[in-house]
Amino acid sequence: MHNNPTIGIIGGGQLGKMFIENASKLAVAIHILDKDACCPAHGIAKKHLVGSITDADAIQKLADISDVITWEIEHIQVDKLIELQAQGKTIIPNPNVLKTIQDKGKQKLFYQQNNIPTAPFFVVANRIEAIEKLTVSNFKKVAIKSCTGGYDGKGVFISDVASILENPNSIPFDDALMIEEFVACKKELAVLVARDQHGNNAVYPAIEMEFTESNLVSFLISPADINPEIEKQAQQIAIQCADAFNSAGLFAVEFFLSQQDELWVNEIAPRPHNSAHHTIEGFYASQYEQLLRVLLNKPLASTEMIQPCAMVNIVGDKTGKYQLKYMEELMQLKGVYIHLYGKEESKPNRKLGHVTIVNADRNEVIRLAEKVRTLLEIEILQ
Ligand code: ADP
């Protein structure tokens, strides 16, 4: 048996669960920290420390039993991680990356300082200052984002500037805000980069995404239907981002592709990401395999696609215990892989699972993904 380091993950959600599922192939022990005794990764973690991901003492306890620490969610106690790193603990990615990313204002300033293309923006302390600055700005339409409050589109407000000025209270947040010019997108793309502990990068092909009204990814497809020049450029920018962070880890870089074919970095997730779930079945190596290798200080794997693939999220709409109404119909489709995260209850907009669709023919992937979407009804159990 190899003497593998023990990995500790902060968070035990679906990303942690899928990471552990893959890591079990190499018999690597993984501990998790999550306050929910029934979190998705609960049943397959070696040890589950039940505690808060924002509690420094709980993180210390995870560090005490793990050789390497990583996270699968961003809203965690990052200062504790910075302290542990200073004491010599291996934390991947570098927690300073997370410190930058946790604040959307800091994140945008980082892009600006590193010449990473991103939509024009400014940062303000509150709603009053937002109105002052919007009055004199030349933005016509904006995305206003709470610097520290949001995830999955929950801290994002999109509106015409004229209507905001008419009704300032329409801005739903009053904390520090990052105000960004609205980008009329042709497409939203994402590129995943894995960076090892020696600074080597492995970059995946770009995928394109579609979103639900509440800003959750509803459907993504690989490869993206974009010209090869844009693909190359997106991959180069993604590598530029990983280089700028100068940290090992996984980086999911989300882009807007403007009507004029400009690529703007929207945001980066320094962890496994929803936009790369399809790599489990569609690629020679999944995002989880790459992260595992990075954490174990092993060579990166190939990022080549096996065949075109799509991913549809299974998202709750009602509250209660639930089942997939058309499970059997879904199971009859070739190249369709159902992932359920094991969350006890459905809630509106809660991610309960996803389905990956693979086929040699990209058009057939789209046809099947549409069919899958019609079959993803969630039935609440009485
Ligand atoms: P979150 O971090 O909560 O996922 P994002 O900043 O990614 O929030 O925004 C969620 C979604 O809102 C984006 O994927 C996009 O569809 C839309 N959006 C955000 N900012 C802009 C923008 N500047 N222009 C156009 N659409 C935007």
Side-chain angles (χ1 to χ4, degrees), residues 13-15 71-76 97-98 100-112 116-124 130 133-134 137-161 163-164 171-173 175-192 206-221 224 234 237-238 241 251-277 311 313 315 348-351 354:
Q14 61 266 21
L15 300 167
W71 57 80
E72 55 108 61
I73 182 164
E74 279 136 38
H75 294 278
I76 62 177
V97 171
L98 187 56
T100 304
I101 290 220
Q102 279 183 339
D103 182 312
K104 290 200 174 187
K106 280 194 192 142
Q107 193 179 146
K108 290 282 285 191
L109 287 167
F110 178 85
Y111 301 150
Q112 201 174 48
I116 293 164
T118 195
F121 72 101
F122 54 83
V123 179
V124 294
K133 290 256 175 72
L134 281 172
S137 87
N138 55 7
F139 295 166
K140 299 268 178 293
K141 187 172 179 183
V142 287
I144 301 188
K145 306 185 185 183
S146 166
C147 280
T148 53
Y151 62 96
D152 279 349
K154 288 184 185 99
V156 179
F157 172 68
I158 294 176
S159 176
D160 290 326
V161 174
S163 31
I164 297 175
I171 303 177
F173 330 108
D175 52 346
L177 302 171
M178 193 281 286
I179 302 188
E180 185 179 60
E181 189 165 28
F182 181 81
V183 183
C185 288
K186 224 188 235 179
K187 287 174 193 292
E188 292 195 40
L189 308 172
V191 173
L192 183 76
I207 59 96
E208 60 181 283
M209 294 177 266
E210 271 184 27
F211 290 83
T212 63
E213 277 169 23
S214 49
N215 284 331
L216 286 171
V217 178
S218 71
F219 172 71
L220 66 76
I221 181 147
I237 296 170
C241 295
F251 301 96
V253 184
E254 292 183 39
F255 291 94
F256 298 131
L257 178 64
S258 78
Q259 300 290 347
Q260 293 75 38
D261 276 347
E262 297 149 316
L263 281 167
W264 304 110
V265 171
N266 171 26
E267 60 176 0
I268 300 179
R271 55 168 170 83
H273 195 246
N274 198 165
S275 65
H277 285 340
M311 188 282 310
N313 275 328
V315 182
N349 289 327
R350 188 173 210 196
K351 290 178 194 164
H354 73 265

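We're numbering straight along the sequence, starting at 1. Counting starts at 1 for both ligands and their atoms, following the listed order.
Partner of Leu263 under the side chain to side chain contact (heavy atoms under 4.5 Å, CB included) criterion, out of Val253, Leu189, Val191: Leu189 alone.
With hydrogens and angles left out, the side-chain atoms of His273 and Glu254 include a donor and acceptor closer than 3.5 Å.
Of all the heavy atoms of Glu181, the ones lying under 4.0 Å from any atom of ligand 1 belong exclusively to the backbone. No part of Val142 comes within 4.0 Å of ligand 1, judged by heavy-atom distances. Residue contacts with ligand 1, taken as heavy atom pairs separated by less than 4.0 Å, do not involve Ala119 at all.
For the residues Thr118, Asn274, Val156, the heavy atom positioned nearest atom 9 (O) of ligand 1 is part of Val156. By heavy-atom distance, the residue among Val183, Ile179, Ile101, Asn266 lying nearest atom 5 (P) of ligand 1 is Asn266.
Heavy-atom proximity to Glu180, at under 4.0 Å, picks out these atoms of ligand 1: 20 (N), 21 (C), 22 (C), 23 (N). Below 4.0 Å from some heavy atom of Glu188 lie the following atoms of ligand 1, by number and element: 13 (C), 14 (O), 15 (C), 16 (O). Atoms of ligand 1 lying under 4.0 Å from any heavy atom of Lys145, numbered from 1 in the order shown and given with element: 5 (P), 6 (O), 19 (C), 20 (N). Residue Ala143 approaches ligand 1 through these ligand atoms, each under 4.0 Å from one of its heavy atoms: 20 (N), 21 (C), 22 (C), 23 (N).
With sequence neighbours left out, the salt bridge (charged side-chain N to carboxylate O under 4.0 Å, His left out) criterion links Lys187 to Glu208. Partners of Glu74 under the salt bridge (charged side-chain N to carboxylate O under 4.0 Å, His left out) rule, at least two apart in sequence or in another chain, are Arg271.
A donor-acceptor pair is defined here as one N or O able to donate and one able to accept, closer than 3.5 Å; such a pair exists between the side chain of Trp71 and the backbone of Pro270.
The minimum heavy-atom distance linking Asn313 with His277 is given by the pair OD1-CD2, 4.4 Å.
No heavy atom of Trp264 sits closer than 4.0 Å to any atom of ligand 1. In this structure, Lys104 is part of the shell of residues with a heavy atom less than 4.0 angstrom from ligand 1.
Ring centroids of Phe122 and Phe139 are separated by less than 6.0 Å, placing the two rings close together.
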Worked check of side-chain contact (heavy atoms from CB on, under 4.5 Å) between Asn274 and Lys351 = CA-CA 10 Å; Asn274 198 165; Lys351 290 178 194 164; 3.1 Å; yes
